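Here the structure is laid out as structure tokens; the discussion comes afterwards.
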Amino acid sequence: MSADSAMVDVVNVSKSYSSSNGAVPALDGISFSAEKGEFVSIIGPSGCGKSTLIKIIGDLVQPSQGTVRVAGHTSRDARQQGMFSFVFQNPVLLPWRRVIDNVRLPLEILGRHSRDPAHLLEMVGLTGFETRYPKELSGGMQQRAALARALTFDPQVLLMDEPFGAVDELTRDSLNSQLLEIWQKIRVTVLLITHSVSEAVFLSDRVIVLSRRPGTIREILEVPFTRTREKSLKETPSFQEVVKFLRERLE
Amino acid sequence: MRTILVPATTLLMLLFCWQVAGRVFHFNRVILPSPVEIASAFAKDYARLFRETGITMEESVLGFILGAGGAYLLAVSFVYSRIIQEAVYPYAVALKSTPLIAIAPLLVLWFGNGILSKIVMSALVAFFPVLVNSANGLTSVDPDALDLMKSLSASSWQVLTKIRIPNSLSYLLAGLKIASSMAVVGAVIGEFTGATEGIGHLINTSSYYLETPLMFAGVAMISLGGILFFGLMAYLEKKIVFWKQSQ
């Protein structure tokens, strides 16, 4: 059905929720795929079902129709093999665990020793905070710890659900740069949900635009900029033009 | 230091006014003995007061452990079985605010006037606040944390031990604070109803013989016992649920 190199293959996925007024459609006939090591962002108006979509891909929510294949596995098998890693809008750090023990949590659960938690904390710039508790960290630092936790067990697909939606603009920019840097080192496949068009363009190889509820694919855009991207890219006219084009497609 | 000194000063001033008012207005010592008379009753009978208070505290603590322990285990079983929860929980909520002490005479009838009936009374009144709080704490878990665990295919045992139980601790300790005070009340009520020893029995008999200063000394002793018990729970809360404290 799609190329062999596809890491994530979403085929005709629909989802509707039952309510007292009958079925409410949330997603309608979504199909796309992401290559191994590709960075794909999904943007759409609020309530378009983008969070639902990423949860369906990660097998946290069952689709009403359609299938998701991950490196040839069903999404359930992929989840059970620990191929997915989620980063949520909230860092979801356990307040009773030290930062390093939070980062270690997936290893405890999966019984793996893929990556050294201390090394990952270094990668996200949190060296020296290993033995602190989450409440002692700022929001941006907490989200960096969550990113380190998401990578400890060497997942195949990183599923990020508006991970930087709760932090301020400046923090967001620096988290974006940091995410790119890390992604360039480890080349995991990333699916990122965001409502920031410029964030999507800056980070991604491709941007998928969803329509209003029920969410359908409106546009799949190859981002025309080469790697490696510098922060200054955001100020260039060609970048602004791509952002403007996508904003119009969002309307 | 200040948080102790200020209320302690209030107490001293109250005792002083009480003593002076007693002298000036010549209170009947059977109705309201002066602090000095109460203190001398204490000095005379302190061994007995300590012994009886000890018995009541023993009943309270045993009942508390039994009631709170049983309640927590039942709350954990709710996580695994919806049926148990649906069958039991509404009654637990209702009984949480029911004056269970009304059944004290029944318990004395069933379990005799030894310490067993008091332990059961304490256990019963400690049970419901702990059950309701623990059930809340075990279930009101951040849904994102559950999604995180599910994305890692965590077993239900892992979810219980790594998320639900730690999350329940702050709720549990809040419940234990309520239960510690309730347990002492339960034991004393049990002793009022029918007993041969314990501080409730001492208060009852000294009322019968109009030994009001000893009554007051007994009340002061068991208040102190209750406060220490509660204080221990408050201390444990601070130590165990350290992440809930302000920075």
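Order of the sequence lines fixes the chain letters, A, B, ..., with proteins taken first and strands second; residue numbering starts at 1 for each chain. Every value quoted in this text rests on a predicted model; they were computed, and no experiment measured them.
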**Message:** Between Asp142(B) and chain A, with a heavy-atom cut-off of 4.5 Å, which part of the residue counts as in contact: side chain, backbone, both or neither?
**Reply:** side chain
**Message:** To the closest 0.5 Å, what do you measure between OG (Ser153(B)) and CG (Asp77(A))?
**Reply:** 10.0 Å
**Message:** Heavy-atom cut-off 4.5 Å, strictly under: side chain, backbone, both or neither for Leu110(A) against chain B?
**Reply:** side chain
**Message:** Taking atom CD1 as the centre, does Ile83(B) end up with more than 12 heavy-atom neighbours from other residues, nucleotides or ligands that are less than 6.0 angstrom away?
**Reply:** no
**Message:** Using a 4.5 Å heavy-atom cutoff, which residues in residues 98-105 of chain A come close to chain B?
**Reply:** Leu105(A)
**Complete:** Taken to the nearest 0.5 Å, the spacing of Ser151(B) OG from Phe86(A) CZ works out to 6.0 Å
**Message:** Take a 6.0 Å sphere around OH of Tyr80(B) and say whether it holds more than 12 heavy atoms from other residues, nucleotides or ligands.
**Reply:** yes
**Asked** Is the CD atom of Glu169(A) crowded by more than 12 outside heavy atoms at less than 6.0 Å?
**Response** no
**Asked** Does CD belonging to Gln80(A) count more than 12 external heavy atoms closer than 6.0 Å?
**Response** yes
**Message:** If I take atom CZ from residue Arg149(A) and atom CG from residue Leu148(B), how far apart are they, to the nearest 0.5 angstrom?
**Reply:** 4.5 Å
**Fill in**
Taken to the nearest 0.5 Å, the spacing of Trp243(B) CH2 from Glu136(A) CD works out to 14.0 Å
**Request:** Verify the neighbour count for atom NZ of Lys185(A): are there more than 12 heavy atoms of other residues, nucleotides or ligands below 6.0 Å?
**Result:** yes
**Value rounded to 0.5 Å, distance of CH2 in Trp96(A) from CG in Leu169(B)** = 8.0 Å
**Item:** Separation between CG of Asp147(B) and CZ of Phe88(A), rounded to the nearest 0.5 Å
**Value:** 5.0 Å
**Close side-chain approach of Lys162(B) and Ile109(A), heavy atoms under 4.5 Å** = yes
**Request:** Identify which part of Gln81(A) has an atom lying under 4.5 Å from any heavy atom of chain B, answering side chain, backbone, both or neither.
**Result:** neither
**Item:** Side chain, backbone, both or neither of Leu94(A) within contact of chain B (heavy atoms, under 4.5 Å)
**Value:** side chain
